[in-house]
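Data first, discussion second: the structure below is written as structure tokens.
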2 protein chains.
Amino acid sequence: MNPTIKDVAKMANVSIATVSRVLNNLGGYSDKTKQRVNEAIRELGYQPNAIARGLINKRTQTLGVLFPNVSSSFSSDILQGVEDFAHSRNYSVLVCNTDGEEKRTMKYLQLLREKQVDGIIFSSSMLKDEYYETIKSMKIPVVLISSQSNYPAIPYVTINDRLAACDAVEYLINRGHRKIAMIAGTENDVLTGAPRMDGYLRALRKHRIPIDERYLVHGDFRFESGCKALETLLRTAPDITAIFAASDEMAIGVLSAASRHGLKVPDDLSVIGFDGLQLSNMVVPPLTTVSQPLQEMGKIAAETLIRSIETGETAEGIIVSHSIVERQTVRTLT
Amino acid sequence: MNPTIKDVAKMANVSIATVSRVLNNLGGYSDKTKQRVNEAIRELGYQPNAIARGLINKRTQTLGVLFPNVSSSFSSDILQGVEDFAHSRNYSVLVCNTDGEEKRTMKYLQLLREKQVDGIIFSSSMLKDEYYETIKSMKIPVVLISSQSNYPAIPYVTINDRLAACDAVEYLINRGHRKIAMIAGTENDVLTGAPRMDGYLRALRKHRIPIDERYLVHGDFRFESGCKALETLLRTAPDITAIFAASDEMAIGVLSAASRHGLKVPDDLSVIGFDGLQLSNMVVPPLTTVSQPLQEMGKIAAETLIRSIETGETAEGIIVSHSIVERQTVRTLT
DNA sequence: CTGAAAGCGCTTACAG
DNA sequence: CTGAAAGCGCTTACAG
């Protein structure tokens with residue numbers, strides 16, 4: 001077996017209480033004692049058992065993070081930010097892949113409770129009532145990322161999706177586009193689907209551009225659906241000059257389908273994406289997009305959560321700023 | 001406080017031992033007792049405390065997974081596979097982002113020890129002696145992914161990089177290419193850098209194609225380095241007809257740089273990548289590549305690790321098969 | 001079939 | 001400055 005505090009105590013000829021004190025820098029021992037203890041620790045290669053500690057402290061220094069899809073570029077950027085900050089503050093992170101399914105999410109929530117995590121980060125999904133109740137009963141803080149809830153007391157980290165979408169469309173308008181299509185997200189997604197669509201409509205209205213419903217199609221945020229959406233638009237609204245896609249993946253799908261149809265971007269068609277994934281800079285031509293600082297958002301969420309854990313204060317929601325990254329998929333119409 | 005086994009015992013009017021028995025389905029109680037206990041559990045909303053359990057069972061049902069970079073597409077595909085399988089077997093996963101740094105890796109290893117994880121998955125980095133010693137002293141199993149070690153007893157899950165690279169180059173040769181450049185990985189990376197380079201050289205030799213050292217340049221597996229590598233090749237070896245890149249990201253960098261130079265792929269230049277990231281199917285034109293089943297590899301690693309944890313058997317290394325995914329970046333020379 | 005008790009590896013009043 | 005003891009929430013012989 002690995003050595004325990006008992007072995008250290010024996011070797012250093014002190015009580016386990018004293019060993020615990022020097023381990024935790026609590027003071028209340030002579031320098032000589034401290035040295036003897038530290039020596040024993042070194043000699044035995046002793047490492048404290050965080051499980052035993054957790055049991056008594058009721059703190060596990062562990063965060064649970066829930067994603068609908070860990071392997072998406074979107075989630076993993078956030079995860080990176082979370083993990084990095086958590087680690088710097090001596091917390092570990094337990095990842096959970098919910099597949100966006102209610103049943104799986106609930107199972108994970110139970111699990112996180114059993115494992116006594118100190119806090120939860122919940123990303124990119126609607127916080128359903130059932131989830132909320134469960135988390136509430138766990139009596140630990142939670143922070144939402146790129147999401148929101150009906151419960152005002154729940155802190156979140158997100159961009160202003162509506163404003164960001166509006167900015168994207170205005171960017172197009174300012175470059176002379178009037179026939180602007182949108183590939184929106186999933187039809188009844190209130191999280192990011194609806195606000196981004198809203199932003200689109202709002203920008204058009206603001207500039208008194210009539211809304212043509214042929215110009216609005218829906219995808220599911222993924223690549224394939226972007227390809228399909230372009231096919232649809234080409235059939236029903238071939239006069240468009242620009243497309244605003246509600247995700248980079250869909251925008252890249254447009255690029256891909258456009259190339260198959262012999263359409264040149266941006267000469268024949270301008271495209272602006274949404275998210276600012278690393279991906280968006282790797283495609284040809286590099287994608288102009290509305291970027292959200294995902295890694296930073298992960299960091300902020302972790303920071304907020306840890307503060308809340310350690311102080312007991314309930315945190316506020318935070319809106320971080322988006323930015324338009326100008327690359328080469330939007331042409332100015334003259 | 002959340003209810004404990006004590007509260008359940010009190011409410012059901014039995015001892016905590018009995019509650020523990022029904023909780024763990026150990027038998028040795030009457031049906032009536034079982035019902036009373038279960039009712040109390042339901043009524044109190046009792047959930048066992050995994051930390052207390054872990055302390056006594058010396059099992060935490062937790063796996064530690066170390067990646068040099070969690071947010072890379074490569075790592076997150078693996079993570080997905082690991083997480084999914086682990087979850088199906090009731091294990092959680094703790095993610096660690098080492099940045100490929102020795103210091104950080106060691107710190108994580110300590111952490112995983114303190115947190116008493118049951119096993120470790122170590123991905124995409126060389127298992128240094130120091131790491132090996134630490135893990136060995138933890139007395140828990142470890143499985144390597146896309147990596148290897150000098151220690152024969154350490155199981156791994158990987159493709160045969162040399163063979164895969166050889167296949168990629170032969171694919172090019174079979175399509176009439178003779179002037180084939182390679183963008184290799186980091187110069188002294190023995191893990192995947194060297195074997196892939198080896199495969200390249202071997203394929204050329206096998207087909208009696210003279211080796212031209214201008215044709216071999218190095219990148220660091222990332223996108224940017226692929227762009228730069230093409231620049232270099234264009235200067236020093238403009239006569240090449242095809243490029244084998246040791247990673248999809250670098251291959252995509254080639255696509256990007258090629259487009260900037262007005263070079264058409266595959267008309268002016270053929271490109272084959274390596275990894276089979278989802279990314280490779282999203283670019284224009286879709287990238288032909290040697291695919292490794294990353295998610296599957298994650299799954300197998302988790303499976304192997306858990307078997308080893310639960311049976312105590314030491315596992316064997318596993319070579320999974322790669323495959324060439326034909327898309328549109330390689331042209332047949334006539 | 002059931003319970004009292006010891007113990008997992010720690011921390012923390014309490015007493016000296 | 002230091003130690004004995006209780007206790008965190010469980011599991012598991014042992015005894016009946």
Side-chain angles (χ1 to χ4, degrees), chain A residues 1-38 40-41 44-62 110-111 113-118 138-140, chain B residues 1-38 40-41 44-62 110-111 113-118 138-140:
Chain A
M1 265 341 307
N2 282 329
T4 72
I5 200 174
K6 258 189 192 161
D7 302 312
V8 176
K10 200 170 298 171
M11 172 170 281
N13 242 301
V14 296
S15 72
I16 59 166
T18 296
V19 176
S20 173
R21 283 184 197 108
V22 348
L23 239 30
N24 296 294
N25 263 310
L26 290 182
Y29 39 77
S30 69
D31 252 22
K32 231 179 299 170
T33 309
K34 181 176 169 181
Q35 277 173 28
R36 277 219 314 283
V37 171
N38 279 327
I41 288 173
L44 293 167
Y46 168 79
Q47 307 247 173
N49 179 328
I51 299 299
R53 254 183 192 169
L55 182 56
I56 192 158
N57 289 337
K58 281 145 177 16
R59 278 283 181 78
T60 52
Q61 301 287 124
T62 304
Q110 313 284 19
L111 189 83
R113 174 190 215 155
E114 293 189 12
K115 297 238 161 139
Q116 318 290 128
V117 297
D118 298 332
M138 293 166 75
K139 291 161 198 137
I140 57 173
Chain B
M1 268 337 310
N2 283 329
T4 73
I5 201 174
K6 256 187 192 164
D7 302 313
V8 176
K10 199 170 298 171
M11 172 170 280
N13 243 303
V14 294
S15 71
I16 60 166
T18 297
V19 176
S20 173
R21 283 186 196 106
V22 348
L23 238 30
N24 296 295
N25 264 310
L26 290 182
Y29 40 76
S30 68
D31 252 22
K32 229 178 302 169
T33 309
K34 180 175 170 181
Q35 277 173 26
R36 276 220 313 285
V37 170
N38 279 328
I41 288 173
L44 292 168
Y46 169 78
Q47 307 248 172
N49 180 328
I51 298 299
R53 256 185 191 166
L55 182 57
I56 192 157
N57 290 338
K58 278 141 180 15
R59 279 284 181 77
T60 52
Q61 301 287 125
T62 304
Q110 313 284 20
L111 189 83
R113 174 190 217 158
E114 293 189 12
K115 297 236 162 139
Q116 317 290 128
V117 298
D118 298 333
M138 292 165 77
K139 291 159 198 140
I140 57 173

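Proteins get letters first, then strands, A, B, ... in listed order; numbering begins at 1 in each.
The interatomic distance linking B/Leu26 (CG) with D/dC10 (C1') rounds to 13 Å, in whole Å. Summarising the geometry, the separation between CG on A/Asn24 and P on C/dC10 is reported as 11 Å, rounded to the nearest angstrom. Distance, B/Lys10 NZ to C/dG3 P: 15 Å, rounded to whole Å. Between the P atom of C/dC8 and the CD atom of B/Glu114 lies a distance of 20 Å, rounded to the nearest Å. Rounding to whole angstrom units, NZ of residue A/Lys115 and P of D/dG9 are separated by 19 Å. Remark: P of C/dG3 and NZ of B/Lys6 are 16 Å apart, rounded to the nearest angstrom. Nucleotide D/dC1 holds its P atom 12 Å from the NZ atom of A/Lys34, rounded to whole Å. Distance CZ (B/Arg113) to P (C/dC10): 11 Å, rounded to an integer number of Å.
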Restricting to nitrogen or oxygen on both sides, can you table the protein-nucleotides 5-7 of chain C pairs closer than 3.5 Å?
none

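Nearest-nucleotide positions on DNA chain C for B/Leu55 and B/Arg21 put B/Arg21 closer to the 5' end.
For B/Asn57, no side-chain nitrogen or oxygen approaches OP1 or OP2 of C/dC8 to under 4.0 Å. The side chain of A/Thr33 contributes no N or O atom lying less than 4.0 Å from OP1 or OP2 of D/dC1. OP1 and OP2 of C/dT2 both lie 4.0 Å or more from every side-chain N or O belonging to B/Thr18. Dashed line: the shortest gap from a side-chain N or O of B/Thr4 to OP1 or OP2 of D/dG9 is not under 4.0 Å. Between C/dG9 and A/Arg53, no contact under 4.0 Å exists linking OP1 or OP2 to a side-chain N or O.
Non-hydrogen atoms lying under 4.0 Å from DNA chain C are contributed by nothing in residues 44-51 of chain B.
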Intra- and inter-strand pairing of DNA chain D, written as dot-bracket with Watson-Crick and G-U pairs under 3.5 Å and | for the latter, reads |||.||||||||.|||

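When atom types are taken as modelled, the side chain of B/Asp7 and the backbone of B/Thr4 share a donor-acceptor pair closer than 3.5 angstrom. A donor-acceptor pair is defined here as one N or O able to donate and one able to accept, closer than 3.5 Å; no such pair exists between the side chain of A/Arg21 and the backbone of A/Leu26.
Residue contacts shown for B/Ser30 are limited to sugar-phosphate atoms, with no base heavy atom under 4.0 Å away.
To the nearest 0.5 Å, atoms CG (A/Leu23) and CZ (A/Arg53) are separated by 5.5 Å.
Using a 4.5 Å cut-off on side-chain heavy atoms (C-beta onward), B/Asn49 and A/Gln116 make contact.
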